[in-house]
Amino acid sequence: MRYISTRGQAPALNFEDVLLAGLATDGGLYVPENLPRFTQEEIASWAGLPYHELAFRVMRPFVEGSIADADFKKILEETYGEFAHAAVAPLRQLNSNEWVLELFHGPTLAFKDFALQLLGRLLDHVLAKRNERVVIIGATSGDTGSAAIEGCRRCDNVDIFILHPHQRVSEVQRRQMTTLFGENIHNIAIEGNFDDCQEMVKASFADQSFLKGTRLVAVNSINWARIMAQIVYYFHAALQLGGPARSVAFSVPTGNFGDIFAGYLARNMGLPISQLVVATNRNDILHRFMSGNQYVKEQLHATLSPSMDIMVSSNFERLLFDLHGRNGASIAELMANFRQGGGFTVEQDRWTEARKLFDSLAVTDEQTCQTIAEVFETTGEVLDPHTAIGVKAGRECRRSLDTPMVVLGTAHPVKFPEAVEQAGVGKALELPVHMSDLFSREERCTVLPNDLKAVQGFVSQHGNRGKPL
Ligand SMILES: *Cc1c(COP(=O)(O)O)cnc(C)c1O
């Protein structure tokens, strides 16, 4: 499989190189040159497979030529063997023809484990083969950091530095990062906000001289391997609900458009998906595009669903690329306009094309809490605020009551106690068994000033298993 950039100017890469790449050199994102397509019979024959075996069949074409079948199988079995539920991604019914796909049974209790547990193992495999070491620097406002550290902590060839805003992440989220130890794990609390952290990561990618030749790898969802891993659970859910003979709709709590883009790809690979609902919080740039063809940057608002607090959605460029007939020059132009003016609209027929599949809703904090309370009352289930947004949007936007609506359950509610308490159901919250001692574990973290040179100095002093690069 070869991968091409959404802006058309960077060289095509194979899977191994795309795994180690961040943005393409032309500023674009990598996508497969040709998407594999499965027949209905082929998909139907996968019914009942254990998760890791389904994952092998869905993802094999993407890694072909870079990772041997036997190695890939073993990696997948290990990856999804870590999950606390035997079904890995169980479905729970909320209402007639309405389901939550529980994607929070991984080690850090959010769906990001599906991709980052795999990414860590893939990196280690590829790096061992190349006899190479890399450095990861990531910024997090919560879920990505802990999932990335959990995913990479056993990697011999990776040193990982995660920046979070000092005293501005929740205690559960902080402890999920700072209680993991290893000579290759470095938690850094920056005396600044999330944007400051993200700017430092961007600046480090732009000028990597402080790494003295060591390669920097991206762990945010611009990394293709993350999207790839998320395609699998759309197949897994549909197969349990009568697919591919029957169509299924999905409602996806969305921030950077990564998770829902994986659903779009699953459909293009042959899975009958009749509708994808973009569920956002008050940070609604995607909803404004889907409802009114306006992709315009606005101010950031802090909400009860912080993992979806974004101003622009990085992966949206991957959908735009398809909507524009995969013409990289059009995307480069669109993005240049966006950078200068802060917004764009697309031609009417392209927007209409998107609307055949996508609907959207922006959900307020108040509606989020109402939904948590209502679902608890009717089912006894406690939803996390992101999942609640998915439920609300799925209910408002669904096109057919006969088609199963699957809401992606993106996080366990204990990660977001504030929203759950505001909804009045906090008493029902319990830490899962494997996390029950989280609040008594020792923490390790370095506090650094909001200063790029200080952070880069720290990385070059500790980037080789705690020793200087
Ligand atoms: C990351 C995250 C999201 C948003 O996912 P995207 O791929 O950025 O759209 C939603 N919910 C939770 C809990 C998350 O951690």
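These numbers were taken from a predicted model, which means no experiment stands behind them. Computed from heavy atoms alone, side chains included, the values below leave out hydrogens, waters and symmetry copies. We count ligands from 1, going down the list as the structure has it; atoms in each ligand are counted the same way.
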Going by heavy atoms, is F104 under 4.0 Å from ligand 1?
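F104: no contact with ligand 1 (<4.0 Å).
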With the threshold set at under 4.0 angstrom, would you say S221 reaches ligand 1 through any of its heavy atoms?
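Contact absent.
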Below 4.0 angstrom from a heavy atom of [X], which ligand 1 atoms are there? Numbered from 1 as shown, please.
X	answer
A411	13 (C)
T254	9 (O)
D143	12 (C), 13 (C), 14 (C), 15 (O)
G255	4 (C), 6 (P), 8 (O), 9 (O)
K112	1 (C), 2 (C), 3 (C), 14 (C), 15 (O)
G258	6 (P), 7 (O), 9 (O)

May I ask you to decide if the ring planes of H85 and H105 are parallel, tilted or perpendicular, using 30° and 60° as cut-offs?
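Rings of H85 and H105: tilted, 30 to 60°.
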For the residue pair Y295 and F316, does the interplanar ring angle fall in the parallel (under 30°), tilted (30 to 60°) or perpendicular (over 60°) class?
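Answer is parallel, since the angle falls under 30°.
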Closest approach of any protein heavy atom to [atom], naming residue and atom:
atom	answer
atom 6 (P) of ligand 1	N256 N, 3.6 Å
atom 5 (O) of ligand 1	F111 CZ, 3.5 Å
atom 7 (O) of ligand 1	D259 N, 3.0 Å

Before accepting this row, confirm whether a basic side-chain N of the pair E443/R174 lies closer than 4.0 Å to the acidic partner's carboxylate O.
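Yes, charged N to carboxylate O under 4.0 Å.
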Salt bridge check, E78 against R154: does any charged N sit closer than 4.0 Å to a carboxylate O?
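Salt bridge flag = no for E78 with R154.
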Between T410 and ligand 1, find which residue part has any heavy-atom pair under 4.0 Å and reply side chain, backbone, both or neither.
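Both parts.
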Mode of M308 contact toward ligand 1 - side chain, backbone, both, neither (heavy atoms, under 4.0 Å):
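Only the side chain of M308 comes within reach of ligand 1.
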Distance only, no hydrogens: is a donor on one side chain within 3.5 Å (strictly under) of an acceptor on the other, for N293 and T345?
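No, no side-chain donor-acceptor contact under 3.5 Å.
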CD of Q198 to CD1 of I190: how many Å apart, nearest 0.5 Å?
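Separation between the atoms: 13.0 Å.
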In residues 216-227, what donor-acceptor pairs under 3.5 Å come from side-chain atoms, sequence neighbours left out?
{"from": "S221", "atom 1": "OG", "to": "N315", "atom 2": "ND2", "distance (Å)": "2.8"}
{"from": "N223", "atom 1": "OD1", "to": "A225", "atom 2": "N", "distance (Å)": "3.0"}
{"from": "N223", "atom 1": "ND2", "to": "L19", "atom 2": "O", "distance (Å)": "3.2"}
{"from": "N223", "atom 1": "ND2", "to": "A218", "atom 2": "O", "distance (Å)": "2.9"}
{"from": "W224", "atom 1": "NE1", "to": "Y3", "atom 2": "OH", "distance (Å)": "3.2"}
{"from": "R226", "atom 1": "NH1", "to": "V219", "atom 2": "O", "distance (Å)": "2.7"}

Can you confirm if the aromatic rings of F111 and F114 lie within a centre distance of less than 6.0 Å?
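For F114 and F111, the ring centres are not under 6.0 Å apart.
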